[in-house]
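Since this is a predicted model, take the numbers as computed values, not measurements. Lettering of chains follows the sequences in order, A, B, ..., and the numbering in each one begins at 1.
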Amino acid sequence: MINKYIKLCICILIFFSKLHSQDIISKINFDSSLNKIKLELNKYILLNKNDSISIETIKFYISNIKLAIDDSIIFQEPNSYHLIDFENISTKSISLNYHKNIIFNKIKFNLGIDSATNVSGALGGDLDPTKGMYWTWQNGYINFKFEGKSNICQNKNNEFQYHLGGYLYPNNSIQEITLNIKNNKDLNININLDNLLPNLNLSDKNHIMSPSLESVKVSKIIANSFEIK
Amino acid sequence: MRIFILLILFVASILFLSFDTENDLFNYPTSWQKPYYDFTKNPLSKEKIELGRRLFYDPILSKDSTISCQSCHSQYSAFTHIDHSLSHGINDSIGLRNSPALMNLAWNKSFMWDGAINHLDMQALAPISNPIEMGENITNVVYKLQNSKIYPKLFYNAFNDSIITGEHTLKAISQFMLTLISSNSKYDSVMREQSDFTQQESNGYKIFKANCSTCHTEPLFTNYEFENNGLKVDPSHNDYGRMRITSKSYDSLKFKVPTLRNIEFSYPYMHDGRFKRLSDVINHYTNGIEESETLSKKLKTKINLTSNEKVDLISFLLTLTDKEFLFNPKFGYIKK
């Protein structure tokens, strides 16, 4: 009797492993680095002799993921909306389903949510308004939240809070990012804070909380600090 | 054989009648334009509408469980708030604006006086999260609903899922609001040729068509545009309306043209509730128009009305009252 069960289990295992090998699942992992080392949230890190910073929130939408060979798009993820929250490890990698024997050399995706989706009413999953990434007094998704503390910030709590977004001209903050892929293994995408922080004016621009040209500008700076590791 | 066929026909017609079609849930005069709301993304059902109605009347949506949507939008005033010019929220804090009457919302393209809200589904988030209105957040509302005795079951009946989400909560509230259709005023029955205006109302209707209907366009009594109708800025609020959203100087002092249906009961009037009586409103249009760069072209020539004409115009506006809407038990508080 037990033997029979074991046999059955083995059969099921074989069956699933077969399924698995047909469709390899490629992962995209997101992370961030500061001073060339992996970022730890909520920990003060020295920037130079006098200044330090603690990053508390990095939370953003990645959408419309495409894999391409040069300029031709080979794979486009259907219904592609992902909320990445560095506080929640399980959200830091995205699993993609695509056929194994194609070698891509480019990945394209949007940082943020497209305008059509912004005006589509209540949506579920990662787009559910309970995720805390939706402005309430004036509608629209927050594409990117970047929050923390630093003595550089000239305000009462030495804090900064960037909530970036906006889908209407001229404040459309969504950014298309294209990165070159070196090999077809899992992708590790890094937000390089060593490139990002010097371009932000943390000392006097501490808060961006609504769609604005300032939000567009900072969204561009952030998009430029995405890199393949 | 014939009896058999008749029997089948009979059974079929009973079945047909007993099904709720979309039309039973959402009825509007055939002469109206098609609604703007996309029902394919949120198909109406009796269970969802009832759930939305319960949520609309439930103070569980506010932080201290004292305020529900109806606190500022009550049925007998066409779902606006008539005691105060500016709406009151939790801790009796006073908001910047007067709550608009809620009706025929499926035709609206944007919401709020300045169009800040782009979709009816997202409307409820604004009062729920506003610290001076309900002072709550949707994540916590969903948590409270999930842990209540009644809601998981009601959400299951409505959405086939007892896990409550923000999406489903908002969609249910939308469904109830979509059913708030007012289309049975005296004006409507005159248009259907089922009754007649009095001489006075009929005069008023002519005056209305000559002076008002370019913005308050029939049959919904709004053109859904943002217009500057010549109100002076109140220096204690400095509310520039649409410009806050678009940052365009040509949108300065423009507000969404409100419907005039049930206007008799939706006082006080204007975005800040500055006028208490319809006669104040008419006097504004005849004598109070403030010149400014963005004043609507439609109001550039002075409107002259005699005092009799003013009375006639008001008597026409009163034909827009829809008692069936104001007292329809389907829209009221759910008695347990």
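Contact annotation for A/Leu123: only backbone heavy atoms (N, CA, C, O) come within less than 4.5 Å of a heavy atom of chain B. When heavy atoms are compared at a cutoff of 4.5 Å, A/Pro170 approaches chain B solely by way of its side chain, counted from C-beta outward. A/Ser120 touches chain B through backbone and side chain together, each having a heavy atom under 4.5 Å away.
Contacts from residues 164-176 of chain B to chain A, taken as heavy-atom pairs separated by less than 4.5 Å, involve B/Thr165, B/Gly166, B/Glu167, B/Leu170, B/Lys171 in sequence order.
Under the salt bridge (charged side-chain N to carboxylate O under 4.0 Å, His left out) criterion, the residue pairs touching residues 75-97 of chain A are A/Asp31-A/Lys92, with sequence neighbours excluded. Note on residues 154-174 of chain A: no pairs pass salt bridge (charged side-chain N to carboxylate O under 4.0 Å, His left out), not counting sequence neighbours.
Here the straight-line distance linking atom OH of B/Tyr143 with atom OG1 of A/Thr130 works out to 14.5 Å at 0.5 Å rounding. How far CG of A/Leu213 is from OG of B/Ser247: 8.0 Å, rounded to the nearest 0.5 Å.
When the shell of 6.0 Å around CD of B/Glu293 is examined, it contains 12 or fewer heavy atoms from other residues, nucleotides or ligands. Residue B/Lys153 qualifies as open at atom NZ: its count of foreign heavy atoms under 6.0 Å is 12 or below. Atom NZ of A/Lys217 has 12 or fewer neighbouring heavy atoms from other residues, nucleotides or ligands inside a 6.0 Å radius.
With a 4.5 Å cut-off on side-chain heavy atoms, B/Ile138 and A/Tyr134 do not count as touching.
B/Asn118 contributes no side-chain N or O that, together with a main-chain N or O of A/Gly140, makes up a donor-acceptor pair within less than 3.5 Å.
Residues A/Thr136 and B/Ile117 approach most closely at O-CD1, 3.6 Å, considering heavy atoms. The two residues A/Gly121 and B/Met122 come nearest to each other via the heavy atoms C-SD, 3.6 Å.
Listed options B/Asp38, B/Asp114, B/Thr139 were ranked by heavy-atom pairs under 4.5 angstrom with chain A; first place goes to B/Thr139. Of the listed residues B/Asn140, B/Thr246, B/Asp121, the one with more heavy-atom pairs under 4.5 angstrom with chain A than any other is B/Asp121.
Every residue two or more places apart in sequence or in another chain that forms a ring pair (Phe, Tyr, Trp, His ring centres under 6.0 Å) with B/His119 is listed here: B/Tyr37.
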